[in-house]
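Have a look at the structure below, then the notes.
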Amino acid sequence: MYSNFFSPEVIVSKGIKEVMVYTKPNNSTTQYKEAKYAFNNKGYVIAATFYYAGIPNSMQVFKRTKTNKIYQQIQYDLDSLERKIPYHTPEITSLKYDAKNRLIKLQKGSFNRERTTNSKSDYTLFKYDNKDRIVSIENFYYNYNGSLQKSIANYIYNDSLSTVIKESFRNGKLSTTGEAKLNSRGTIIYFKLYKVSLKEVALEQHFIYNSLNQLIEQKSKNYQEGGSECLEGQTYTDKFQYNDNTLIASILHTFQENSCEMTFEYNK
């Protein structure tokens with residue numbers, strides 16, 4: 001969830017071995033564990049533990065190649081003592097890369113966890129153009145009656161590389177359309193999701209960065225009913241602060257009169 005905020009170079013240079021994430025809701029004096037991350041000697045995440053209201057819930061273990069690409073992810077359910085539950089089958093996700101180190105296939109266990117990475121597993125295929133930009137993501141998954149379903153997202157870039165259109169199809173039918181604006185560094189600064197075609201807005205997001213291209217604010221407005229804490233027509237905001245311009249220190253999430261602050265503790 002937060003691993004994108006951890007630069008391997010910074011983690012190594014500061015000798016960090018573990019990061020604890022705490023959450024404190026609605027100006028409460030009580031903070032709860034939300035997540036814990038462990039790193040290898042190259043500064044990459046190799047394990048992430050997640051908590052629900054401070055109680056251990058699940059753990060993800062990442063197996064990496066010699067170049068630190070993840071080739072397998074294993075998710076375990078945990079008991080209240082943070083031990084793996086032996087009678088719960090772990091969910092395994094395998095990742096495959098091409099000769100240019102681009103992710104081309106992701107295959108994982110199904111929703112019922114009875115399958116791992118065999119021929120009947122759900123999987124995703126990634127395709128790129130000659131500029132190494134993602135142009136399509138195809139998802140293949142099995143529903144409750146065992147039949148294979150397919151969804152696909154196509155990415156269309158304009159000539160200036162400042163706009164990306166995302167069209168999502170489910171079983172051949174257009175389901176959603178998204179439009180993203182990028183800054184000169186290729187980082188997203190604006191995203192709008194439409195319910196079907198480029199007509200009715202479902203979600204709108206704005207992203208603000210500092211001079212180091214670090215995300216400092218994300219504002220989202222929801223236009224559809226249900227499926228989010230943010231009710232139809234309402235806005236929620238995330239504000240990000242950093243230590244010494246290198247490590248994420250806190251994230252303040254606000255929605256109407258509600259707030260929740262995530263803080264990060266770095267251990268050596």
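FYI, side chains are in, hydrogens and waters are out, and symmetry mates aren't considered; it's all heavy atoms of this structure. Quantities reported herein were computed from a predicted structural model and do not represent experimental measurements.
- Ring pair F62/Y44: centre-to-centre distance not below 6.0 Å.
- Under the 30°/60° scheme for interplanar angles, the aromatic rings of Y190 and H206 are found to be tilted.
- Dense packing is recorded around NZ of K192, with more than 12 heavy atoms of other residues, nucleotides or ligands lying under 6.0 Å away.
- The backbone N or O of Y142 lies less than 3.5 Å from a partner atom in the side chain of D122, making a donor-acceptor pair.
- Looking at Y209, its side chain does come within 3.5 Å of a backbone N or O of I188 through a donor-acceptor pair.
- Under the 4.5 Å side-chain criterion, counting only non-hydrogen atoms from C-beta, E82 is in contact with K36.
- Contact detail for G43 and F39: the closest heavy-atom pair is O-CD2, 3.5 Å.
- For the pair S13 (side chain) and E9 (backbone), a donor-acceptor distance under 3.5 Å is present.
- Checked by atom type and distance alone, the side chain of D244 never pairs as donor or acceptor with a backbone atom of T246 at under 3.5 Å.
- Put simply, the side chain of F6 reaches to within 4.5 Å of the side chain of V45, judged on heavy atoms.
- N154 and S136 are not linked by any side-chain donor-acceptor pair at a separation below 3.5 angstrom, with hydrogens and angles left out of the test.
- Between the side chain of Y266 and the backbone N or O of I11 there is no donor-acceptor pair closer than 3.5 Å.
- Within the 3.5 Å criterion, the main-chain N or O of T124 finds no donor-acceptor partner in the side chain of Y141.
- The line from CG of L125 to CG of N139 is 8.5 Å long, rounded to the nearest 0.5 Å.
- Taking the centre of each ring, Y236 and H253 come in below the 6.0 Å mark.
- We find that K150 and E138 are joined by a salt bridge, their nearest charged nitrogen and carboxylate oxygen being less than 4.0 Å apart.
- Below 30°, between 30° and 60°, or above 60°: for F264 and F5 the angle between ring planes is between 30° and 60°, a tilted geometry.
- For the residue pair E179/T177, the side-chain donor-acceptor check at 3.5 Å is not satisfied.
- The line from NZ of K63 to CD1 of I74 is 4.0 Å long, rounded to the nearest 0.5 Å.
- Using a distance-only test at 3.5 Å, with no hydrogens or angles considered, a donor-acceptor pair links the side chain of N158 to the main chain of T163.
- A donor-acceptor contact shorter than 3.5 Å links the side chain of Y157 to the backbone of I134.
- Closest heavy-atom contact between N41 and V12: O-CG2, 3.7 Å.
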> Step by step, would you call I16 with L247 a side chain to side chain contact (heavy atoms under 4.5 Å, CB included)?
Replying inline: CA-CA 11 Å; I16 294 168; L247 296 170; 3.8 Å; yes

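- The heavy-atom pair separating Y128 from R102 by the smallest distance is CB-NH1, 3.5 Å.
- Formation of a donor-acceptor pair under 3.5 Å by the Y22 side chain with backbone atoms of E261 is not found in this model.
- Here the closest non-hydrogen pair linking T29 and K24 is C-CD, 4.3 Å.
- By the 4.5 Å heavy-atom criterion applied to side chains, I137 and Y155 are counted as neighbours.
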